[in-house]
Amino acid sequence: MSYVVPKESYNGKVLSLDFGKGDKAAVIGGENTLPFLSFEGDIPNRPVVAYEIQDCPPDDWPETVRNMYKDVSGDPVTWAKHCRNNLNAKAVALRLVSTHPDRDNRSAEDAAKTIKDVLAAIDIPLIILGSNHIEKDAAVLVAAAEAASGYNCIIGKAQEGNYKTIVAAALAHNHKLIAMSELDINLAKQLNILITQMGFDKERLITDPMCSALGYGLEYTYSVMERIRLAGLLQNDATMQPPILGDVGMYVWKIKEVSAPESDVPEWGSIEERGIAWEAVTATSMLVAGTNLLIMRHPKSIEIVEKTIAELF
Amino acid sequence: MALTGVQIFKLLPKTNCKKCGFPTCLAFAMALAQGKADIAKCPDVSEESKKVLGEASAPPIRTFDLGSGAKAVKVGGETVLFRHDKKFFNPCALAINIKDNLSDDELAKKAAEAANSEIERVGQKLRVDAVSVEYASNSSAQYEKAVKLVAEKAPDASIILNCKDAAAAEAAVKAVAARKPLVYGATNENAGAMANIAKTHSVPLCACAQGLEALSALTEKLQGLGVNDIVLDSGAKSAKEIIDHNTQIRRAALRKGFKPLGFPVINFVLRDNSIQEVSIASVAIAKYASIVVLSSIEKWKNLALFTLRQNLYTDPQVPMQVEQKIYKVGEPDAAAPLMITTNFSLTYFIVSGEVENSKVPSFLAVMDCEGLSVLTAWAAGKFTAAKISQFIKDSGIESQVSHKELIIPGQVAILSGALEDKLEGWKITVGPREANAIPTFLKSRTV
Ligand code: B12
Ligand code: SF4
């Protein structure tokens, strides 16, 4: 029996999307095959990893990762520049944590100022994220979109409960938009439909099916991502073709496995490597499942994942 | 490819003698087609028919044991490309590669690391399944000695003889024959000699070739020589080759019924940087490897890779769950605190672990919510005030405790009012949102 390469033919294609501006702009998506199967299709763009920073010191991050930024994290501008200049970041994701009512409840105007300052300080693409408070995000992201007008940012996350105002703001100021739903392919599809029905191009959307950490529901995210990709490629379902986001860092760096000291759990080994590996494994699995854009925290995990991405091409 | 009932019927004696327990040969044929009967039940079927049926009913990816005894692991036997289509069945074996030219002390130390690698996670015991001993010394005597030493120090691990020198491999196989080592392996050059070893000692053999065409030709050759338990190494080293080759192999076997590649796959993911190796190993675990060979097995590395394997090999239709009942943590007396949670394994093990950490003996009421986490169960209407109060009443816990206080997870604080209405005379206390705050919470109550 002679071997014949078992190729699949796909009707659809992942949409490509650019963000940022100038020669540092990034492009993701565009492939017409399942993740990394270059023997049967074209994969014009590599997945991009963005460094997560926030608008207040990361007191709630475990020490292992907090220490990496201890000299720069007091101020988002310094932090962003550090990622750009010293860590060679391809993109930065600024999370406006302090706007959350349970945190500092900072105003939308405050957030807008932070964004302007950060944008003025770096030339790499910026992703602007709310604090994940449905009502507050609606106000904050509207101000953020305006402050970042002209910078071709990605803003998010638009969810079922607040998408209308956020979509309108992204539309008015020409940004790309993250649509997030909760681990259900039908919810992801429905939200993308609702958003495009408002006149927002699907070419400008990114789907966030919701991430989860290794050991804490990773398999759900993994399978939802695989199903989204199959729907977009095999069934040519246009609402399932935007690039996929894996917001890895925030899910990983809150679980016990990355924060319990070795003295408490000797059978788990070194806490440093454990945390880095945890974020790297979570991110690698997301890549294999179809993620085009990752948001991560630890510089070493990012370095590892970028090397793996290089090996995948 | 599978045969229909009618095709099978044509191969049977057609005497309707009923010895198989079915009223007619046709009824038996139909049952066979659905996989509900075994051909061995018909005493009169011809050898020729048995062979045809055997080949037709053989699974598209062969399954066999890696190693022997209670800790042997099954490899192969997968039926889908995507876990959501059904599930992945036989969790990929993790192995550590040990070079035979290390000192005896180092060999023993590495083997012991594998032997002592067992950890428990979410109720499952996970361990490094195999040791691969690499023929680096170029001395058959040294190799045999190293293999024996490693086998002795890692008595439960499966053994992979990473050696392409037939004479050295044969001596090593003899030394550990009872452990049913996997011989790694056969190449186009040594195929005859290696096939002989595999057959003589009835051990599995790995076919090693560069690329899938050469690999298919080699497995056909080995099968022609009478070897059936074959493992595949396509020469994939980079992450790209691993995804690319492993995907093609799985597709060829499942979608095209291509027999020469219908075997479990081994990937060597050795890298200088151990965390890099973890990342590449993740690619192999997710994308169809049956055996992944690593260069080191630090504890944090095991934990991360075991967890990934456990996640991807769970049944997507049925979350892992524990039995509904009132669990005792420590030796609680009648005044001990009573807490409630759901029966999702992960939730139960995290919460009971933290209650244990608190050293405060307690009752933990675990309620059947079809294996959903606290918030998911609440959102799905399975962890409601009505259901919780019914469960508490039915459980008989009221007669075991001297108080009437129930501690609920902080994430469902919203239930406390309705629960106080439904559970008359009970006080509902809202616990912390995250389990890791439970020790502080419980300790602060006892002072
Ligand atoms: C994986 C997941 C699923 C999986 C189910 C997994 C499972 N077996 O439960 C699937 C995909 C099936 C699912 C489905 C749904 N989900 Co869901 N899901 C999640 C996810 C990502 C993780 C849940 C998890 O495994 N957590 C880990 C376990 C260990 O957490 P836990 O049980 O809560 O336990 C912790 C604490 O509560 C505490 N604790 C537990 N017990 C106790 C007891 C005491 C006394 C104390 C003090 C503490 C304590 O300790 C634990 C560790 O800290 C969460 C979001 C998230 N990241 O948390 C959403 C989430 C729970 N899901 C949500 C929803 C809405 C749903 C759906 C209704 C929607 C849908 N998509 O259709 C369905 C309902 C399911 C159904 N059958 O109908 C929402 C709930 C929203 C809300 N606030 O009500 C969440 C929060 C998503 C979100 N909004 O961000 N989901
Ligand atoms: S035992 Fe064989 S021959 Fe007899 S009825 Fe069954 S299938 Fe037919």
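These numbers were taken from a predicted model, which means no experiment stands behind them. In what follows, chains are A, B, ... by sequence order, proteins preceding strands, each numbered from 1.
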Check whether [X] gets within reach of chain B through its side chain, its backbone, both or neither, counting any heavy atom under 4.5 Å.
X	answer
A:K7	backbone
A:I271	neither
A:K307	both
A:L34	side chain
A:S2	backbone
A:E182	neither

Tell me, with the steps shown, if B:E434 and A:K254 meet salt bridge (Lys or Arg N to Asp or Glu O under 4.0 Å). CA-CA 10 Å; B:E434 296 297 331; A:K254 68 171 187 194; 5.7 Å; no

Heavy-atom pairs under 4.5 Å with chain B are the metric here; pick the option from A:E262, A:R274, A:E303 that has the most.
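Counting heavy-atom pairs under 4.5 Å, the top option is A:R274.
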
Pair count under 4.5 Å, heavy atoms only, with chain B: among A:E273, A:K256, A:E40, highest is A:E273

To the closest 0.5 Å, what do you measure between [atom1] ([X]) and [atom2] ([Y])?
X	Y	atom1	atom2	result
A:Y222	B:R83	OH	CZ	8.5 Å
B:L312	A:S223	CG	OG	8.0 Å
A:Y3	B:E213	OH	CD	9.0 Å
B:T307	A:E257	OG1	CD	6.5 Å
B:N357	A:D264	CG	CG	7.5 Å
A:E8	B:R251	CD	CZ	5.0 Å

Item checked: Under 4.5 Å from any heavy atom of chain A - which part of B:L261 ->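 Answer is side chain: those atoms of B:L261 sit under 4.5 Å from chain A.
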
| Side chain, backbone, both or neither: which part of B:P260 has a non-hydrogen atom closer than 4.5 Å to chain A? |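 Side chain only.
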
More than 12 heavy atoms of other residues, nucleotides or ligands under 6.0 Å from [atom1] of [X]: is that the case?
X	atom1	result
B:I414	CD1	no
B:K87	NZ	yes
B:E370	CD	no
B:K240	NZ	yes
A:E63	CD	no

If you tally heavy-atom pairs under 4.5 Å between each of B:L308, B:L346, B:N436 and chain A, the highest tally belongs to B:L308

Between [X] and [Y], is any pair of side-chain heavy atoms under 4.5 Å apart?
X	Y	result
B:Q248	A:F39	yes
B:L303	A:W278	yes
A:S270	B:E298	no
A:Y216	B:I350	yes

So which heavy atom on [X] is nearest to which on [Y], and how close?
X	Y	value
B:A239	A:L312	CB-CD2, 3.6 Å
B:A304	A:V281	CB-CG2, 4.3 Å
B:A252	A:P6	N-CG, 3.9 Å

**Item:** Distance-only polar pair, side chains of A:T284 and B:S279, donor-acceptor under 3.5 Å
**Value:** yes

query = Is it the case that B:Y313 and A:E219 place a side-chain donor and acceptor less than 3.5 Å from each other?
reply =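 The criterion, which ignores hydrogens and geometry beyond distance, is not satisfied for A:E219 and B:Y313.
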
For the pair B:R121 (side chain) and A:G215 (backbone), establish whether a donor and an acceptor sit closer than 3.5 Å, ignoring hydrogens and angles. yes

Legend entry - N/O donor-acceptor pair under 3.5 Å between A:E311 side chain and B:S238 backbone: no

The ring-ring contact (aromatic ring centres under 6.0 Å, His included) partners of B:F82 (sequence neighbours excluded) come to B:H84

How about residues 271-278 of chain B versus chain A: which residues have heavy atoms under 4.5 Å apart?
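The stretch touches chain A at B:R271, B:N273, B:I275, B:Q276, B:V278.
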
